[in-house]
Chemist: 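Handing you a structure now.
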Amino acid sequence: MHPFLEKAHKIKQNLNWSLIFGVSFFLVVVIGLVQITTGVSDWLVKNKDAQIKHLTVQGHPKYTDETAIITAIKKADLSSFFELDVKHVQKLVQDLPWVATVSVRKQWPDTIQVYVVEHEAVAHWNSDLLINHNGEAFQARSDKLSKDLPQLFGPEGSEQEAWIAFKQFDEMLKVNALTLKSLALSERFSWQLWLDSGVRLNLGRRDKAKRVQRFIDVYPRMEYPEKALIDAVDLRYDTGLAVSFKPVQEEQLQNKSKA
C-alpha cells in the first residue's frame, strides 16, 4: 500500500466518532435555538402593540365601586400588553380609600385581572379616620357603616394599642352585661372608657385591666342618690374608687319609672 494511503487509513481508524457526533448534535441544537429565538423576537415585535381590551374585577368589593377601580386603572398606559407595568396598576388601585390589598395579573392576549380586598372597619378613629381589624388607621367615607361602631381617640400612631386595649376591655365588660362604647388615650397615655349607659371610667396610666375588673366587681353594689345617675368613676387609686353623680333628666326619669 502506498505510504500516504496507509497513513490516511490509520488516521481514519483513530477518529473519535462519539466526539464528532456530540459536536454535530451541539451545533444543530445551537442553530435551532437561534432560529427559535429569532422567531419569538419577530413575533414579539409584531405583537408589541397588543392593547388591553378587557378587565375583570374579583374579590367582590363592598364599598369600592367598580367604576372607580376602572377609572384608576385607566390612568396607566394600557396600549401594550407586554409593556404594561403591573406594579403601577396595583398602586393606582391600592390608593383608593377602601382598598387594603390588591393583586394584578395579566392574561393573554388582552386581559388584566384585578383582585381587590377591602379594609374591614371595626371602629372610628379620632372622628375623621377608621380602624381596620389589624388596628391600622385609614381614611374613607363612613356613611355606609353601622352607627354602632365604637369611637376611639388617641395620639397619632397609637391606634393599634388603642384597638387592642378596646377589645380586651370590651370582652371583660361584655361578660358582665356591660357595653363599652368609646375609649380615649391622652397624650400622657392616660386611659378613659365610656359605657353605653354614659358612665365614664377614669383608669389612669397603670394597671388598666386590674382597675376595670375592680369596677366590674363593685358596680352591681353601688348606691346612688334618688334622681341621680352615675356620671364618672375614678379608678386611679391603688385601692378603692371615687364616684361622681349627675342629675337625672326628665326623660331619663320617665324611662326609669317605666322600667
Chemist: Quick check against the 3.5 Å criterion: does E159 have a side-chain atom that pairs as donor or acceptor with the backbone of G157?
Modeler: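 Yes: the side chain of E159 pairs with the backbone of G157.
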Chemist: With a 4.5 Å heavy-atom cut-off, do L130 and H119 have their side chains touching?
Modeler: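 Sidechains of H119 and L130: no contact.
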Chemist: Check A140 against P97 and note the closest heavy-atom contact, atom names and distance.
Modeler: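 Looking at all heavy atoms of both residues, the closest pair is CB-CB, 3.9 Å.
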Chemist: Show the nearest heavy-atom pair for residues A137 and L129, with the distance to one decimal.
Modeler: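 Looking at all heavy atoms of both residues, the shortest contact is CB-CD1, 4.3 Å.
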Chemist: Is the backbone N or O of D128 less than 3.5 Å from a side-chain atom of N126, with the two atoms forming a donor-acceptor pair by type?
Modeler: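 Answer holds: no.
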Chemist: Nearest 0.5 Å, please: how far is CG in L235 from CD in Q192?
Modeler: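 Output value for this atom pair is 11.0 Å.
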Chemist: If the plane angle is over 60° it's perpendicular, under 30° parallel, otherwise tilted; pick one for F166 and W163.
Modeler: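 It falls in the parallel class, under 30°.
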Chemist: Keeping N132 on the side-chain end and E136 on the backbone end, is there a donor-acceptor pair under 3.5 Å?
Modeler: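 It does hold such a pair.
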Chemist: CD of Q139: more than 12 outside heavy atoms within 6.0 angstrom?
Modeler: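 Open.
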Chemist: Please confirm whether the backbone N or O of Q113 pairs with a side-chain atom of Q107, one donor and one acceptor, at under 3.5 Å?
Modeler: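 Side chain of Q107 to backbone of Q113: no pair is present.
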Chemist: Hey, is D238 close enough to R206 for a salt bridge, meaning N to O under 4.0 Å?
Modeler: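 Yes, D238 and R206 are salt-bridged.
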Chemist: Report yes or no: is the cationic atom of K106 (NZ for Lys, CZ for Arg) closer than 6.0 Å to the six-membered ring centre of F81, at no more than 45° off its axis?
Modeler: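 Output yes; distance and angle both within limits.
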Chemist: For the rings on W98 and F138, is their centre-to-centre separation under 6.0 Å?
Modeler: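 Centroid separation for W98 and F138: below 6.0 Å.
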Chemist: Identify whether I70 and I52 are in the same connected component of the hydrophobic contact network (ILVMFWY, side-chain heavy atoms under 4.5 Å).
Modeler: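 Linked, I70 and I52 end up in one cluster.
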Chemist: Can you get from I216 to L201 by hopping between Ile, Leu, Val, Met, Phe, Trp and Tyr side chains that sit under 4.5 Å apart?
Modeler: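 They do share one cluster, since a chain of ILVMFWY contacts under 4.5 Å joins I216 to L201.
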Chemist: Among residues at least two apart in sequence or on other chains, which ones pass side chain to side chain contact (heavy atoms under 4.5 Å, CB included) with S182?
Modeler: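 By the side chain to side chain contact (heavy atoms under 4.5 Å, CB included) rule, S182 matches Q151, F153, W194.
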Chemist: Say you draw a straight line from CG of N202 to OH of Y237; how long is it, rounded to the nearest 0.5 Å?
Modeler: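 Separation between the atoms: 9.5 Å.
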Chemist: Can you find a heavy atom in the side chain of L195 that is under 4.5 Å from one in the side chain of Y219?
Modeler: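 No, every pair of side-chain atoms sits at 4.5 Å or beyond.
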Chemist: Quick one: are L78 and L84 in side-chain contact, heavy atoms under 4.5 Å?
Modeler: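 Of all side-chain heavy-atom pairs linking L84 with L78, at least one is under 4.5 Å.
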Chemist: Only one of Q168, K167, K174, M172 clears side-chain contact (heavy atoms from CB on, under 4.5 Å) with D170; which?
Modeler: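 Only one option passes, and that is K174.
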Chemist: Taking the side chain as everything from C-beta on, heavy atoms only, tell me whether V212 gets closer than 4.5 Å to K208.
Modeler: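 When only atoms from C-beta onward are counted, K208 and V212 do not touch, as no gap falls below 4.5 Å.
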Chemist: Mind checking the CG-OG1 spacing from L96 to T64? Nearest 0.5 Å is all I need.
Modeler: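 That separation rounds to 6.0 Å.
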Chemist: Applying the 4.5 Å side-chain criterion to the ILVMFWY set and letting contacts propagate, would Y63 and I131 be lumped into a single cluster?
Modeler: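 The answer is no; the residues belong to distinct hydrophobic clusters.
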Chemist: Measuring only between side-chain heavy atoms, which start at C-beta, is V199 closer than 4.5 Å to M222?
Modeler: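 No; the side chains remain at least 4.5 Å from each other.
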Chemist: Rounded to the nearest 0.5 Å, what's the gap from CG on L193 to CG on L203? Could you check?
Modeler: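 With rounding to 0.5 Å, CG (L193) is 4.5 Å from CG (L203).
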Chemist: Does the side chain of I112 reach to within under 4.5 Å of the side chain of I73, using non-hydrogen atoms?
Modeler: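 With C-beta onward as the side chain, the pair touches.
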Chemist: For P61 and V116, work out which heavy atoms get closest and say how close.
Modeler: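 Residues P61 and V116, closest heavy atoms: CB-CG1, 4.4 Å.
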Chemist: With rounding to the nearest 0.5 Å, note down the distance linking CG in L241 to CG in D234.
Modeler: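 That separation rounds to 8.5 Å.
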Chemist: Transitively linked via ILVMFWY side-chain contacts under 4.5 Å: F189 with F169?
Modeler: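 Same cluster.
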Chemist: Give the minimum heavy-atom separation between G154 and S158, together with the two atoms involved.
Modeler: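 Smallest heavy-atom distance, with atoms named: C-OG, 3.7 Å.
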Chemist: Which atom names give the shortest non-hydrogen contact between A162 and W125, and what distance separates them?
Modeler: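 Answer, listing the atom of A162 first, then W125: CB-CZ3, 3.7 Å.
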Chemist: Could you check whether any side-chain N or O of N176 sits under 3.5 Å from a backbone N or O of L178, counting only pairs where one atom can act as donor and the other as acceptor?
Modeler: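 Answer holds: no.
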Chemist: Going from NZ on K91 to NE2 on H88, what distance comes out if it is rounded to the nearest 0.5 angstrom?
Modeler: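 Going from the NZ atom of K91 to the NE2 atom of H88 covers 8.5 Å.
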Chemist: Is there side-chain contact between D231 and F245, with heavy atoms separated by less than 4.5 Å?
Modeler: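 No, too far: nothing below the 4.5 Å cut-off.
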Chemist: Does K181 NZ have over 12 foreign heavy atoms under 6.0 Å away?
Modeler: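 Check fails, neighbour count at 12 or below.
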Chemist: Please report the closest heavy-atom contact between K246 and G198, naming both atoms and the distance.
Modeler: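 Nearest pair, atom of K246 first, then G198: NZ-O, 4.3 Å.
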Chemist: If we only count heavy atoms from C-beta on, is the K210 to Q213 side-chain gap below 4.5 Å?
Modeler: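 Side chain of K210 against side chain of Q213, heavy atoms only: no contact under 4.5 Å found.
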